[in-house]
Amino acid sequence: MVNDLIEMGNYAEALELLNDFSDENTRHLRLICLNGLGEFKEAKKEALLAKQLASETYYDVVAQYLNTLKELEEYDEAIDILVEELSMPYIPYQYESLFNAVYDEILLLKQEMNYQLEAKNQIFSIEEIALLLDKDNCNDDLLYMALDQLQQLNVRLIIPSIQSFLMNPNKHSFAKSLIIESLIEQQVDEELEVYKLGVVYDFNPSYLPLVLEQSAYVGIYHLLEENLENDNPSLLTQCLDYLEFVLYTYFPKEIYDDEYNVYAGAIHYYISCLQSIDVDIEDIEIGYQCRQEEIEEKILALKQIEC
């Protein structure tokens with residue numbers, strides 16, 4: 001009868017019938033009713049008691065508890081619970097998926113609240129960022145917001161999570177480069193590895209330049225500038241944007257100075273073709289002092305990094 005009342009949304013009537021406070025299922029159902037009635041402060045009190053008593057209903061109670069905290073905008077407490085639950089060695093798959101989704105939702109709500117309040121406090125803690133890095137599937141918006149903030153935190157505290165992320169073949173190469181740049185800026189002196197495009201690179205951040213401070217960026221930039229600045233400034237901007245994408249994707253792979261002209265010529269020709277701009281390959285060969293075969297081979301490699 002109680003379940004029928006709850007299903008019909010008659011929470012107040014159902015609540016009056018739920019009086020066996022020693023029964024974990026009763027506590028769970030009371031929590032559902034209080035949330036349904038919008039009595040979130042009372043629901044939080046009920047949730048604390050229900051969580052202590054819960055065994056078979058444990059994960060359902062935690063899910064209701066998280067909903068209560070979300071409605072109360074007590075995001076930090078909800079995040080602490082999620083971090084604890086998701087770090088457990090075993091959690092039923094359906095609840096792991098649910099909690100991961102709730103974690104992403106609450107982090108976004110917390111970020112939005114902080115922006116609305118014009119809060120200067122950090123949005124993510126270092127522990128929250130570590131958990132995001134450890135997740136198999138992570139919301140891209142959350143990931144890049146976290147990586148942006150990582151520059152302000154002590155990356156040395158989460159080196160194991162960072163190393164795992166860098167070696168995961170399923171993680172974005174661009175995101176890996178942003179992490180490496182945070183390591184560089186904080187002068188982390190450790191031997192690390194990163195997997196990119198089928199190759200494992202050994203590196204020590206303390207000896208690396210930032211991506212756009214590499215000599216390769218400067219050299220290729222100038223070649224594109226010489227060939228495009230006067231004739232097509234708009235195309236130059238697009239080529240330079242693409243150059244940044246390429247370098248962030250490859251980093252920390254080294255591009256040697258005898259390759260700059262081929263990269264520049266390939267980028268010029270490739271972006272022109274994408275924009276349906278008529279360009280003669282012979283002009284590219286002359287302008288960048290390289291052969292058509294070299295340009296075509298490099299373009300094929302560039303297309304592969306976009307897959």
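The analysis underlying the following values was restricted to heavy atoms, covering all of them including side chains, and did not include hydrogens, waters or symmetry mates.
- The ring-ring contact (aromatic ring centres under 6.0 Å, His included) test applied to Tyr248 returns Phe174, not counting sequence neighbours.
- A side chain to side chain donor-acceptor pair (under 3.5 Å) check over residues 193-205, counting only residues at least two apart or in different chains, returns the pairs Ser177-Lys196, Asp189-Asn204, Glu191-Asn204, Asn204-Ser206.
- A search for salt bridge (charged side-chain N to carboxylate O under 4.0 Å, His left out) contacts involving Glu225 returns nothing, not counting sequence neighbours.
- For Gln187, the CD atom counts as loosely surrounded, since its 6.0 Å shell holds 12 or fewer non-hydrogen atoms of other residues, nucleotides or ligands.
- There is no side-chain donor-acceptor pair under 3.5 Å between Tyr103 and Glu85.
- Among residues two or more places apart in sequence or in another chain, the side chain to side chain contact (heavy atoms under 4.5 Å, CB included) test is passed with Glu39 by Leu34, Leu37, Glu42.
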Would you list the atom pairs, donor with acceptor, under 3.5 Å between side chains in residues 259-272 and any protein atom, with sequence neighbours excluded?
from   : atom 1 : to     : atom 2 : distance (Å)
Glu259 : OE1    : Tyr256 : N      : 2.7
Tyr260 : OH     : Ser215 : OG     : 3.1
Tyr260 : OH     : Ala216 : N      : 3.4
Asn261 : ND2    : Tyr288 : O      : 3.2
Asn261 : ND2    : Gln289 : O      : 2.9
His268 : ND1    : Tyr288 : OH     : 2.7
Tyr270 : OH     : Glu306 : OE1    : 3.1
Tyr270 : OH     : Glu306 : OE2    : 3.2
Ser272 : OG     : His268 : O      : 2.7

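- When the options Leu178, Leu183, Val155 are evaluated for a side-chain contact (heavy atoms from CB on, under 4.5 Å) with Leu150, the one that passes is Val155.
- Residue pairs meeting the salt bridge (Lys or Arg N to Asp or Glu O under 4.0 Å) criterion with at least one member in residues 128-140, sequence neighbours excluded, are Asp104-Lys135, Lys110-Glu128.
- In this view, Lys44 and Glu74, Glu77 satisfy the salt bridge (charged side-chain N to carboxylate O under 4.0 Å, His left out) rule, not counting sequence neighbours.
- Applying the ring-ring contact (aromatic ring centres under 6.0 Å, His included) test to Phe99 and every residue at least two apart in sequence or in another chain returns nothing.
- Taking Glu73 as the reference, nothing meets the side chain to side chain donor-acceptor pair (under 3.5 Å) condition, with sequence neighbours excluded.
- Under the salt bridge (charged side-chain N to carboxylate O under 4.0 Å, His left out) criterion, Lys253 pairs with no residue, sequence neighbours left out.
- Taking the salt bridge (charged side-chain N to carboxylate O under 4.0 Å, His left out) definition, one finds that Glu293 meets it with Arg291, sequence neighbours left out.
- Listed by chain and residue number, Tyr242 satisfy the ring-ring contact (aromatic ring centres under 6.0 Å, His included) test with Phe245 (two or more places apart in sequence, or in another chain).
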